[in-house]
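Everything below concerns the one structure shown next.
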Amino acid sequence: MKKELEAVEGTQYVTKESILRRAREIKGIPLRNVDKTGRLATGKGAIGTVIEESWFGYTPNSESEPDFPEAGVELKVTPYLRGKNGIRAKERLVCNIINYMEEYDKTFQTSAFWHKCNTMLLMSYEHLADKPKGDFRIDEAVLFSFPDEDLAIIEHDWETIMEKVRAGRAHELSEGDTLYLAACTKGANASSVRQQPFSELPAKQRAYSLKSSYMTQILNKYIFGNAESPRIIKSADVLHAKTFEEYIIDKVKPYYGMTQNELKLRLGVDSNAKSLNEILLARMLDVKGRIACTEEFQKAGIIPKTIRVQSNG
DNA sequence: ATTCCTACCGACTGCTGTCT
DNA sequence: AGACAGCAGTCGGTAGGAAT
């Protein structure tokens, strides 16, 4: 696709404020009225490209720099769905390709991920199943930096990914390895592989991505500003000292081996509800009220669904 | 041809509501 | 309480464009 717009790159959008102001002007405009180059009619990736090209007026590129290098802002256009449980992310948010050969000996702070994605301009649109893309419209735009409590988890996720690479196991990476930041496959087909530093085995090409469960959390907390989600971790400080898993294990450890009845006595719970286990777990974690270990925790993206409490005795 | 960018697609799994 | 259908959520993979 030929560039048909005046180049404004490097001249107009050099501050975060000017970028955000421009981003907010697009709210409510059907994308068919934004698209100046017929880009929407093309296939995947069309919507983000329309906004880069026709709205911000820069040429789509394949550089590993943020989209607005002077301001250090990365543009991300991301769809959401409106379901009966409210708003949720339609997709994971894909960041940059992981260069196994270069990333492994960096720190999180010097990593390609952090360099590119530490500040993102998130622009959201509702994905409507039966409508053409031209009907879609951006309805929120925010500048997003990771809050401390999330950053601690993301940094831990980054380390988990890098540990596999350093162990010569990049070919065994999986999105299930981590909580918020994941390594998702990326490439034309299954033979899109690349070299890894500590093994002869070729590894699938992968990119950093923010999981859709975490994106749902971001949408609700920071983009559409809904009610605060339930939390276990009250202060980011604890996570700088311990990992998420260590924190949970430490909290639950004193109760290892106790029966349900012993736990009820110890924790002062007088209930025979079907949800007794989650009530007990909530008490162990020092969380107020009825915090489900299934639905509410997962909706908040805080706990993986595989955490369960055995129910007999 | 290769590498990275832009999201998007679809198969599976397992949760949840509803009916018996 | 058990069976089961439907659908939400997850994750492995794919499509198309531009630069080099």
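Quantities reported herein were computed from a predicted structural model and do not represent experimental measurements. Chain naming here is simple, since letters A, B, ... match the order of the sequence lines and numbering starts at 1 in each.
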Can you tell me the distance, in whole Å, between the CE atom of A:Met123 and the P atom of B:dT6?
14 Å

Could you state the atom-to-atom distance from CG of A:Asp67 to P of C:dA18 in whole Å?
16 Å

Need one value for A:Gly48: base, sugar-phosphate or nothing, where a base atom within 4.0 Å counts as base even if backbone is also close, heavy atoms only.
sugar-phosphate

Any side-chain N or O of A:Ser212 below 4.0 angstrom from OP1/OP2 of C:dT10?
yes

Nearest-Å distance for atom pair CD/P, residues A:Glu52 and C:dA19:
12 Å

With distance as the sole criterion, do the side chain of A:Arg92 and the base of C:dG12 form a donor-acceptor contact below 3.5 Å?
yes

B:dA7 C1' sits how many Å from A:His127 NE2, rounded?
11 Å

Which of residues 98-117 of chain A sit near DNA chain B, with a heavy atom under 4.0 Å from it?
A:Lys116

Of the nucleotides C:dG12, B:dC5, B:dA7, which one has an atom closest to the side chain of A:Ile97?
B:dC5

Looking only at atom types and distance, does a side-chain atom of A:Thr119 sit under 3.5 Å from a main-chain N or O of A:Val73, one as donor and one as acceptor?
no

Heavy atoms of other groups near A:Glu200 CD, more than 12 under 6.0 Å:
no

Interatomic distance where CD belongs to A:Glu175 and C1' belongs to B:dC12 [whole Å]
14 Å

Just to confirm, is there a sub-4.0 Å distance from OP1 or OP2 of C:dG13 to any side-chain nitrogen or oxygen of A:Lys204?
yes

Could you tell me whether the phosphate oxygens of B:dC4, OP1 or OP2, come under 4.0 Å of any side-chain nitrogen or oxygen in A:Arg194?
yes

Would you mind classifying the nucleic acid contact of A:Ile47 as base, sugar-phosphate or nothing, using non-hydrogen atoms under 4.0 angstrom?
sugar-phosphate

Provide, to the nearest angstrom, the distance between the NZ atom belonging to A:Lys186 and the C1' atom belonging to B:dA7.
7 Å

Whole-Å distance between C:dC11 P and A:Gln205 CD?
20 Å

Polar pair under 3.5 Å, donor/acceptor by atom type, side chain A:Thr185, base C:dG12
no

Starting at CZ of A:Arg39 and ending at P of B:dT6, how long is that distance when rounded to a whole Å?
12 Å

Quick check on C:dA18: is either OP1 or OP2 less than 4.0 Å from any side-chain nitrogen or oxygen of A:Tyr58?
no

Looking only at C:dA8, B:dT6, C:dC11, the nucleotide nearest the A:Lys76 side chain is B:dT6

Donor-acceptor pair under 3.5 Å: do we get one between A:Glu65's side chain and the base of B:dC5?
no

Check ion pair A:Glu175-A:Lys211 (N to O, under 4.0 angstrom):
no

According to a strict under-4.0 Å criterion, is A:Ser174 in side-chain N/O contact with OP1 or OP2 of C:dG12?
yes

Can you pull out the residues from residues 157-173 of chain A that lie within a 4.0 Å heavy-atom distance of DNA chain C?
none

